[in-house]
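What follows is a single structure, written as structure tokens, with notes after it.
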Amino acid sequence: MPALSPGRQTEGFFLFGACAGHVFNDDMKRTKIAEVLTKEPIGQEVTVMGWVRAFRNNQFIALNDGSCARHLQVVVNPEQLGEQTLSRIKFGAAIGAVGRVVESQGKGQRIEVEAREVTIYGDCDLEKYPLQPKKLSLEYLREHAHLRFRTNTFGAVFRVRHALAYAVHQFFHERGFFYLHTPIITASDAEGAGEMFRVTTLPLDNVPRTPDGQVDYKQDFFGRPTNLTVSGQLEAELGALALGEVYTFGPTFRAENSNTTRHLAEFWMIEPEVAFADLEDNANLAEAMLQYVCRYALEHCPEDLQLLEERLLEEEKVKPQDQRSPMPLREKIRFVVDNRFERLTYTEAIEILKNSPPNKKGKFQFPIERWGADLQSEHERYLVEKHFQKPVILTNYPAAIKAFYMRLDDPKEGVPGPTVAAMDILFPGIGEIVGGSQREERLDVLLQKMRDMNIPEDELYWFLDTRRFGTCPHAGFGLGFERLVQFVTGMSNIRDVIAFPRYPGNAEF
RNA sequence: GCCUCAUUAGCUCAGUCGGUUAGAGCGGCGGACUGUUAAUCCGUAGGUCCUAGGUUCAAGUCCUAGAUGAGGCGCCA
């Protein structure tokens with residue numbers, strides 16, 4: 001690490017990292033580029049630090065420090081600077097500059113910094129540096145994910161991701177929800193949300209066995225088999241039935257061999273759980289939350305979203321017309337904020353799909369024939385993207401295709417079979433972004449369901465205790481955070497909205 | 001897990017019907033440049049044509065298998 005200021009390096013870096021504030025070290029104040037560009041403190045001297053994005057005409061440095069999408073133009077005097085320093089101002093180099101903020105003579109920016117002093121913190125060897133000052137493919141950048149934060153696109157994606165995460169907490173906090181940290185390592189695997197990653201300290205090359213040849217988990221760290229969590233829902237229910245309204249927001253793990261643009265083996269999930277709430281309350285909450293966080297991003301990330309919108313436009317130029325987004329990115333987000341989501345039952349959806357042109361013309365790969373079949377993504381896409389052209393909340397699915405904990409509906413005229421109080425929220429381009437339900441709070445109904453579905457009661461005694469003692473109607477949902485980030489940033493592959501994606505065959509970095 | 005497509009210079013890609021010495025743009029490097037905006041101009045280096053087999057007088061090009069990547073499907077959030 002190049003010296004910043006002898007004797008105070010450690011403290012300087014600590015402060016810089018810890019509070020992201022103004023103090024860099026005691027004799028040097030770093031002003032963030034976002035602040036310089038917003039406040040435009042003309043005539044004042046500032047110290048800025050960042051990474052060189054372009055050096056033009058031996059004079060003009062485009063400097064970016066990650067605080068915002070825009071670059072600050074730093075103007076240097078090549079004669080005053082000297083050849084030695086001049087030759088080290090290269091794409092990717094970390095530099096600092098001290099100088100006066102002035103109105104720019106050029107057309108591309110309103111203000112610039114006239115540097116009287118330039119410090120090189122870190123050189124960048126461009127023969128070896130994987131990034132180049134040119135357009136790089138997302139696939140290439142994915143292979144260099146440790147450096148892709150330094151590009152315009154990924155800078156924007158991760159600033160927007162942060163804003164969305166912050167907005168999620170703000171939304172729930174404002175409504176009196178408590179943030180509950182549910183366990184990441186869990187012994188429960190009866191929920192059936194997906195394949196699990198085993199957590200063990202047993203030696204794989206010499207696994208202890210019981211006399212009958214089974215793995216002896218009594219000798220494992222926890223004295224029993226444990227896995228990484230696939231959902232915090234069951235634990236969140238325990239919290240909700242005491243604290244009233246809780247939410248979780250944490251990492252979730254699925255060992256499914258999923259190879260798609262919307263699945264990860266490690267992803268972040270938001271799971272609110274609300275006591276004394278039914279399915280309608282649940283749908284209202286999910287809709288309000290999605291609109292709140294989308295509005296927050298529109299208001300707080302205008303420049304990043306503009307950049308991402310232009311990027312998407314550029315990316316879609318090469319696609320045929322019918323595969324392009326019907327609206328520019330920000331308009332699409334605004335549309336979600338301003339319009340009520342379409343709500344309909346599974347039974348109603350089946351009727352629409354049955355009579356839809358693609359079904360009648362045999363265009364669906366899986367034709368809709370009977371009530372009770374699970375909807376394929378082609379059907380969901382038709383409803384969201386063609387029929388309603390807005391987010392859709394589908395409710396009251398057949399009980400047979402949904403999880404055991406969902407509340408059994410009262411029989412209803414015109415509905416061929418038993419249904420549960422489930423809901424899925426479908427977004428254009430993303431598909432299922434939310435899955436939730438009113439939970440089965442009646443012990444006898446729940447036990448019967450568990451027996452029918454072969455779910456062991458004794459392992460879930462703690463879950464069933466909520467129904468044994470002071471049970472109440474309650475509901476909740478799970479929202480895939482990366483899918484939300486996908487929607488808001490317009491990134492088409494989920495691997496590009498999480499810093500270090502985990503998926504089959506890939507755990508780099 | 002299944003299906004489809006791709007893999008050629010650092011990156012993005014072209015390479016005709018199987019035929020002589022595999023090209024371009026960008027990027028890099030060297031130089032010029034005191035108002036640039038993906039700066040510009042001049043010069044220059046850079047190749048295991050993914051790997052292993054096979055067909056052929058001859059393979060970047062055709063065939064087989066594998067690896068890697070992308071997209072779609074399933075599983076879901």
Side-chain angles (χ1 to χ4, degrees), chain A residues 53-62 70-81 86-87 90-92 102-109 112 114 124-144 152 191-195 230-233 251-271 286 314 318-319 323 364-366 374-381 401-403 424-427 430-436 477-487 492-496 498 503-506:
Chain A
R53 287 297 187 82
F55 186 34
R56 293 183 282 264
N57 214 5
N58 264 355
Q59 277 183 97
F60 304 101
I61 302 168
R70 278 195 285 164
H71 305 157
L72 175 68
Q73 175 151 291
V74 174
V75 188
V76 300
N77 182 333
E79 279 161 29
Q80 184 198 324
L81 212 56
L86 212 57
S87 67
K90 286 180 178 176
F91 179 76
V102 297
E103 273 183 57
S104 179
Q105 298 169 42
K107 292 242 167 65
Q109 57 285 315
E112 62 195 21
E114 272 179 355
C124 189
D125 182 350
L126 293 174
E127 291 198 68
K128 293 179 185 141
Y129 191 42
L131 301 188
Q132 298 174 3
K134 57 172 288 193
K135 196 167 285 289
L136 297 165
S137 69
L138 296 175
E139 291 79 18
Y140 176 77
L141 290 170
R142 211 172 290 149
E143 288 173 10
H144 303 274
N152 291 336
E191 202 228 331
E195 288 298 310
V230 291
S231 164
Q233 181 202 312
T252 310
F253 308 87
R254 305 261 167 107
E256 306 284 350
N257 190 10
S258 291
N259 294 287
T260 79
T261 53
R262 54 191 191 283
H263 288 88
L264 289 165
E266 177 182 300
F267 64 101
W268 288 66
M269 190 151 63
I270 297 148
E271 295 179 289
E314 193 68 29
V318 295
K319 289 187 180 171
Q323 282 176 36
F364 284 141
Q365 196 189 334
F366 301 91
D374 211 347
L375 298 182
Q376 307 293 317
S377 51
E378 59 179 345
H379 307 133
E380 297 180 344
R381 269 209 314 277
I401 58 171
K402 289 290 180 182
D424 280 0
I425 300 186
L426 311 175
F427 260 39
I430 311 289
E432 187 178 341
I433 195 167
V434 164
F477 62 83
L479 181 146
F481 184 58
E482 281 75 19
R483 291 187 181 173
L484 172 65
V485 182
Q486 266 188 288
F487 175 76
S492 50
N493 194 318
I494 200 165
R495 297 165 186 177
D496 295 330
I498 188 165
Y503 49 98
N506 206 301

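Everything numeric here is computed off the predicted structure, so don't read it as measured data. Both backbone and side-chain heavy atoms feed into the values below; hydrogens, waters and symmetry mates do not. Residue numbers begin at 1 in each chain, while the letters A, B, ... track the order of the sequences.
- If you measure from atom CG of A:Asp424 to atom C1' of B:rC76, you get 9 Å, rounded to the nearest angstrom.
- With sequence neighbours left out, the side chain to side chain contact (heavy atoms under 4.5 Å, CB included) criterion links A:Arg495 to A:Arg142, A:Asn259, A:Leu264, A:Asn493, A:Pro501, A:Tyr503.
- No side-chain heavy atom of A:Phe267 sits under 4.5 Å from any side-chain heavy atom of A:Arg483.
- To the nearest 0.5 Å, atom CG of residue A:Asp496 and atom CD of residue A:Glu482 are 12.0 Å apart.
- Which of B:rC11, B:rA77, B:rU34 sits closest to the side chain of A:Arg483 comes down to B:rA77.
- A:His379 has its side chain out of reach of A:Leu426: every pair of non-hydrogen atoms, C-beta onward, lies at least 4.5 Å apart.
- Of the candidate nucleotides B:rC11, B:rG69, B:rG35, B:rC11 has the atom lying nearest to any side-chain atom of A:Tyr140.
- Between the P atom of B:rA77 and the CD1 atom of A:Ile430 lies a distance of 15 Å, rounded to the nearest Å.
- Of the candidate nucleotides B:rU36, B:rC73, B:rC76, B:rC73 has the atom nearest to the side chain of A:Gln376.
- Rounding to the nearest 0.5 angstrom, the gap separating the CE atom in A:Met269 from the CG atom in A:Leu484 is 14.0 Å.
- Phosphate proximity of B:rG72 to A:Arg381: absent, as no side-chain N or O sits under 4.0 Å from OP1 or OP2.
- Mapping A:Glu378 and A:Gly478 onto RNA chain B via the closest heavy atom, the residue that lands nearer the 5' end is A:Glu378.
- With both ends at atom P, the span from B:rC17 to B:rU4 equals 24 Å, rounded to whole Å.
- In this model, a side-chain donor or acceptor of A:Glu112 finds a partner on the base of B:rG35 within 3.5 Å.
- Annotation for A:Gln486 and A:Ser492: closest pair NE2-O, 3.1 Å, computed over non-hydrogen atoms.
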Just list the side-chain donor-acceptor pairs under 3.5 Å for residues 102-109 of chain A, sequence neighbours left out, or say none.
from: A:Ser104; atom 1: OG; to: A:Gly106; atom 2: N; distance (Å): 3.1
from: A:Ser104; atom 1: OG; to: A:Gln109; atom 2: NE2; distance (Å): 3.0
from: A:Ser104; atom 1: OG; to: A:Glu112; atom 2: OE1; distance (Å): 2.7

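- Minimum heavy-atom separation, A:Lys90 to A:Cys124: CD-O, 4.0 Å.
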Can you tabulate the close N/O pairs, meaning under 3.5 Å, that link protein atoms to atoms of nucleotides 40-43 of chain B?
none

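- Across all non-hydrogen atoms, the minimal contact from A:Leu126 to A:Phe91 is CD2-O, 3.2 Å.
- Both thresholds, 5.5 Å between centres and 30° between ring planes, are met by A:Phe267 relative to the base of B:rA77, so the two rings are stacked.
- At the phosphate of B:rA70, OP1 or OP2 sits under 4.0 Å from a side-chain N or O atom of A:Arg495.
- Under 3.5 Å, the side chain of A:Gln105 and the base of B:rG35 form at least one donor-acceptor pair of N or O atoms.
- Atom-to-atom, CZ of A:Phe427 to C1' of B:rC76 comes out at 17 Å; the value is rounded to the nearest Å.
- Comparing B:rA38 with B:rG27, their C1' atoms are spaced 12 Å from each other, to the whole Å.
- Distance CG (A:Asp374) to P (B:rG74): 9 Å, rounded to an integer number of Å.
- Between B:rA59 and B:rG15, the two C1' atoms lie 14 Å apart (nearest whole Å).
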For nucleotides 2-9 of chain B, 5' to 3', base contacts (B), sugar-phosphate-only contacts (S) and non-contacts (-) with protein non-hydrogen atoms under 4.0 Å give --------
Reading nucleotides 24-33 of chain B from 5' to 3' and marking B where a protein heavy atom lies under 4.0 Å of the base, S where only the sugar-phosphate is that close, and - otherwise, the string is -BBSSS---B
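- In terms of phosphate contacts, A:Ser377 brings a side-chain nitrogen or oxygen within less than 4.0 Å of OP1 or OP2 of B:rC73.
- Of the C1' atoms belonging to B:rG23 and B:rA9, the separation is 10 Å, rounded to the nearest Å.
- Comparing B:rG18 with B:rU12, their C1' atoms sit 27 Å apart, to the nearest whole Å.
- A:His71 places a side-chain heavy atom less than 4.5 Å from the side chain of A:Asn152.
- Rounded to a whole angstrom, the distance from the C1' atom of B:rG72 to that of B:rA65 is 24 Å.
- The shortest distance between the side-chain N/O atoms of A:Arg56 and the OP1/OP2 oxygens of B:rU36 is not below 4.0 Å.
- Across A:Val230 and A:Phe253, no two heavy atoms sit closer than the pair CG1-O, 3.1 Å.
- Side chains of A:Ile430 and A:Arg262 form no contact here, defined as non-hydrogen atoms less than 4.5 Å apart.
- In this structure, A:Gln109 atom CD and B:rA38 atom P are separated by 10 Å, rounded to whole Å.
- Between the CD1 atom of A:Ile401 and the P atom of B:rG74 there is a distance of 13 Å, rounded to whole Å.
- The side chain of A:Thr260 places no N or O atom within less than 4.0 Å of a non-bridging phosphate oxygen (OP1 or OP2) of B:rC73.
- When the C1' atom is compared between B:rG35 and B:rG30, the two are found 25 Å apart, to the nearest whole Å.
- Between A:Gln59 and A:Pro78, the shortest heavy-atom distance links the atoms CG-CD, 4.2 Å.
- Under the 3.5 Å distance criterion, the side-chain polar atoms of A:Glu378 are matched with a main-chain donor or acceptor of A:Phe366.
- Using C1' as the reference atom, B:rG60 and B:rG19 are 13 Å apart when rounded to the nearest Å.
- On a pure distance criterion of 3.5 Å, no polar donor-acceptor pair joins the side chain of A:Ser258 and the base of B:rC76.
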Output field dot_bracket for RNA chain B (Watson-Crick or G-U, both distances under 3.5 Å, | for other-strand pairs) contains (((((((..((((.....[...)))).(((((.......))))).....(((((..]....))))))))))))....
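- Across all strands, A:Ser104 comes closer than 4.0 Å to base atoms (heavy-atom distances).
- Looking at the side chain of A:Gln73, the nearest of the listed nucleotides B:rU36, B:rC73, B:rC11 is B:rU36.
- Distances from the side chain of A:Asn493 to the nucleotides B:rA39, B:rA70, B:rC11 place B:rA70 closest.
- Annotation: the span from A:Phe477 atom CZ to A:Asp424 atom CG amounts to 12.5 Å, rounded to 0.5 Å.
- Side-chain atoms of A:Pro133 and A:Arg53, non-hydrogen and from C-beta on, never get closer than 4.5 Å to each other.
- At the phosphate of B:rA70, OP1 or OP2 sits under 4.0 Å from a side-chain N or O atom of A:Arg142.
- Between A:Phe366 and A:Ala265, the residue anchored nearer the 5' end of RNA chain B, judged by the nucleotide with its closest heavy atom, is A:Phe366.
- Proximity of A:His263 to A:Glu256: side-chain heavy atoms (C-beta onward) are nowhere separated by under 4.5 Å.
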